[in-house]
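These figures come from a predicted structure and were not determined experimentally. Each ligand, and each atom within it, is numbered from 1 in the order the structure gives.
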Amino acid sequence: MLNHEYTSLNNGVKVPWVGLGVWTAERQDATDAVKFALRNGYRSIDTAAAYLNEGQVGKAIQESGVNREDLFIATKVANGDQGYESTLRAFDKSLETLHLDYLDLYLIHWPVKGKSLETWKALEHLYKEKKVRAIGVSNFQISDLEELWPVAEIKPMINQIEFHPYLTQKELSDYCKKQQIHMEAWSPLMKGLLSEHPILLEIARHHQKTVAQVILRWDIQNRYVTIPKSFNEKRILENLIVFDFMLSQEEMERISILNRNEKLPMPDMSKFREHDRT
Ligand code: NDP
C-alpha cells in the first residue's frame with residue numbers, strides 16, 4: 001500500500017512521490033507557481049538549466065520561507081554543457097542561479113554520444129564531494145545505461161523518462177527497476193492531452209477524482225516519481241491530492257494497456273537562449 005508521500009532512492013535519500021515540473025515552452029514565469037506550490041505542501045521542484053528559469057525557482061524558494069532541508073530540488077546539465085570540466089562549471093552556475101549551496105538531484109538531461117560518460121564521471125565527483133545528494137540520468141534507454149556500466153563507480157539513482165498512459169516504456173522500466181534505478185515520469189499528463197479519455201474519465205468518476213489525479217496515482221502505484229507541471233493554483237493543488245485513494249489491479253491494467261508507444265513531439269528549443277537565463 002502506497003499511502004505515504006515519499007519514496008527512497010538506492011542511496012536511502014527520500015524523494016517526494018509528487019513534485020512540481022516547471023518546463024514551459026511558452027516561457028511563463030515560474031516564480032509565483034513555485035512559491036504557491038511550496039506554500040501549499042509541495043517539497044520537490046524539477047527544473048533544468050535548459051529551461052532558463054532556475055533563477056525564478058531560486059527566487060521562489062527564498063521567498064517561500066520553507067526550510068532548505070525540507071526541500072528536494074532537482075536540475076539537469078544541458079546537452080551543450082556535457083563533458084567533465086564543462087559539467088562541473090555548469091553545476092556551479094546552476095547552484096549560483098538557484099541561490100543554493102547544494103542540490104538534491106542532478107541529472108544528465110539527455111544522452112549525448114561521446115560526452116555522457118565524462119559527464120557521468122563529473123556527476124560522481126560532485127556526489128562524492130557532497131555537493132549533491134543524488135545523481136541520475138534522463139531519457140536514457142537500456143543501450144545508454146549499458147554504455148555507462150564499464151565506467152560507472154556509482155549507479156544512477158534515477159532515470160527520468162517520458163511516461164504516461166500512451167507511452168509506458170515497459171522494457172526500460174523493468175530493466176531500471178532490476179538495476180535499482182528509480183523511475184521518474186516526465187510529461188505524466190501527456191500535457192493534458194488525455195483529459196477527455198473515456199476510460200480514464202470512467203475510472204476518475206468511480207473514485208470521484210479527476211483524470212489528472214488518476215494518472216498521477218497510476219504513476220505512483222507503478223513506482224514512478226511524478227512531476228506534473230501546472231502554473232494554475234487550482235490544478236497545482238489538485239495534482240497533490242493523490243494519496244487518499246487506491247486504484248485496483250484491474251484499473252491499473254486498464255490504464256497500462258492504453259499504451260501506444262506514442263511520444264510527444266520535441267519542443268522547439270530555438271526559442272530558448274542562454275542570455276535569456278533568469
Ligand atoms: P505535463 O504532462 O505535466 O502537463 C502539463 C500540462 O498539463 C500543462 O499544460 C498544464 O497546464 C496541464 N495540467 C497540469 N495539471 C493539470 C490538471 N490537473 N488537469 C488538467 N490539466 C493539467 O507536461 P510537462 O511536459 O510540463 O512535463 C512535466 C515536467 O516534466 C516538466 O515541467 C519538466 O519539469 C519535466 N520534463 C522533463 C523532460 C526531460 O527531458 N527530462 C522533458 C519534458 C518535461 P496549467 O499549467 O495551465 O495547469
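Shown here for Pro228 and Val18, the closest heavy-atom pair between the two residues is CD-CG1, 4.2 Å. Of all non-hydrogen atoms in Ala33 and Phe231, the two that sit nearest each other are CB-CD1, 3.4 Å.
Lys131 places none of its side-chain heavy atoms less than 4.5 Å from the side chain of Tyr102. Taking 4.5 Å as the limit, every side-chain heavy atom of Ile181 sits out of range of all side-chain heavy atoms of Met157.
Atom 15 (N) of ligand 1 has as its closest protein heavy atom Asn239 ND2, 3.0 Å. With respect to atom 43 (C) of ligand 1, the closest heavy atom belonging to the protein is Trp186 CE3, 3.1 Å. Looking only at heavy atoms of the protein, atom 27 (O) of ligand 1 is closest to Ser187 N, 3.0 Å. Trp23 CB, 3.5 Å is the protein heavy atom nearest to atom 31 (C) of ligand 1. The protein heavy atom nearest to atom 9 (O) of ligand 1 is Lys191 O, 4.3 Å. With respect to atom 33 (C) of ligand 1, the closest heavy atom belonging to the protein is Tyr51 OH, 3.4 Å. Of the protein's heavy atoms, Asn139 ND2, 2.9 Å lies nearest to atom 40 (O) of ligand 1. With respect to atom 2 (O) of ligand 1, the closest heavy atom belonging to the protein is Leu189 N, 2.8 Å.
When atom types are taken as modelled, the side chain of Gln221 and the backbone of Met252 share no donor-acceptor pair closer than 3.5 angstrom. Of the possible polar contacts, one joining the Gln169 side chain to the Glu162 backbone as a donor-acceptor pair under 3.5 Å is found.
Scanning Glu233, Lys229, Glu162, Gln213 for the heavy atom closest to atom 3 (O) of ligand 1 points to Lys229. Nearest residue to atom 47 (O) of ligand 1 from Arg235, Met266, His109, Gln28 is Arg235 (criterion: closest heavy atom).
With ligand atoms numbered from 1 in the order given, ligand 1 contributes 48 (O) to contacts under 4.0 Å with heavy atoms of Asn232. Shown in contact with Ile227 at under 4.0 Å from a heavy atom are these atoms of ligand 1, numbered in order with element: 28 (C), 29 (C), 30 (O), 35 (C). Each of the atoms 37 (C), 38 (C), 39 (C), 41 (N) of ligand 1 lies under 4.0 Å from some heavy atom of Gln160. For ligand 1, the atoms sitting less than 4.0 Å from at least one non-hydrogen atom of Ala212 are 17 (C), 18 (N), 19 (N), numbered in the order shown with element in parentheses. Of all atoms in ligand 1, numbered sequentially from 1 with element shown, those under 4.0 Å from a heavy atom of Asp46 are 33 (C), 34 (O), 35 (C). Listed by number with element, the atoms of ligand 1 under 4.0 angstrom from any heavy atom of Gly192 are 7 (O). Numbered from 1 in the order shown, with element, the atoms of ligand 1 that lie under 4.0 Å from a heavy atom of Trp110 read 40 (O). Of all atoms in ligand 1, listed by their number and element, those nearer than 4.0 Å to a heavy atom of Pro228 are 3 (O).
Counting only N and O atoms by type, the side chains of Glu238 and Asn232 include no donor and acceptor under 3.5 Å apart. Side chains of Asp29 and Thr31: a donor-acceptor N/O pair is present below 3.5 angstrom, by distance only.
Of the inter-residue distances, the one linking Tyr166 atom OH with Asn259 atom CG reads 10.5 Å to the nearest 0.5 angstrom. Separation of atoms SG (Cys176) and CD (Gln141) is listed at 9.0 Å; rounding is to 0.5 Å. The line from CG of Leu148 to CD of Gln179 is 10.5 Å long, rounded to the nearest 0.5 Å.
Under a hydrophobic clustering in which Ile, Leu, Val, Met, Phe, Trp and Tyr are joined whenever their side-chain heavy atoms come within less than 4.5 Å, directly or via other members, Ile241 and Ile236 fall into different clusters.
When only interatomic distances are considered, the shortest N/O to N/O separation between Lys76 and ligand 1 does not fall below 3.5 Å. Distances between N or O atoms of Ala185 and those of ligand 1 include no value under 3.5 Å.
Heavy atoms of Thr210 stay at 4.0 angstrom or farther from ligand 1. Ligand 1 is never approached by Ser195 to a heavy-atom distance shorter than 4.0 Å.
Proximity of Val211 to ligand 1, defined as any heavy-atom pair under 4.0 Å, is not found for any part of the residue. In Ser138, the part holding a heavy atom less than 4.0 Å from any atom of ligand 1 is the side chain. When non-hydrogen atoms are compared, ligand 1 lies under 4.0 Å from neither the backbone nor the side chain of His164.
Because its NZ or CZ atom is both nearer than 6.0 Å to the ring centre of Trp149 and within 45° of the ring axis, Lys155 counts as a cation-pi partner of that residue.
Annotation: salt bridge (charged side-chain N to carboxylate O under 4.0 Å, His left out) contacts of Asp219 (sequence neighbours excluded): none.
Ring orientation note: the planes of Phe91 and Tyr106 are nearly perpendicular, at an angle over 60° on the 30°/60° scale.
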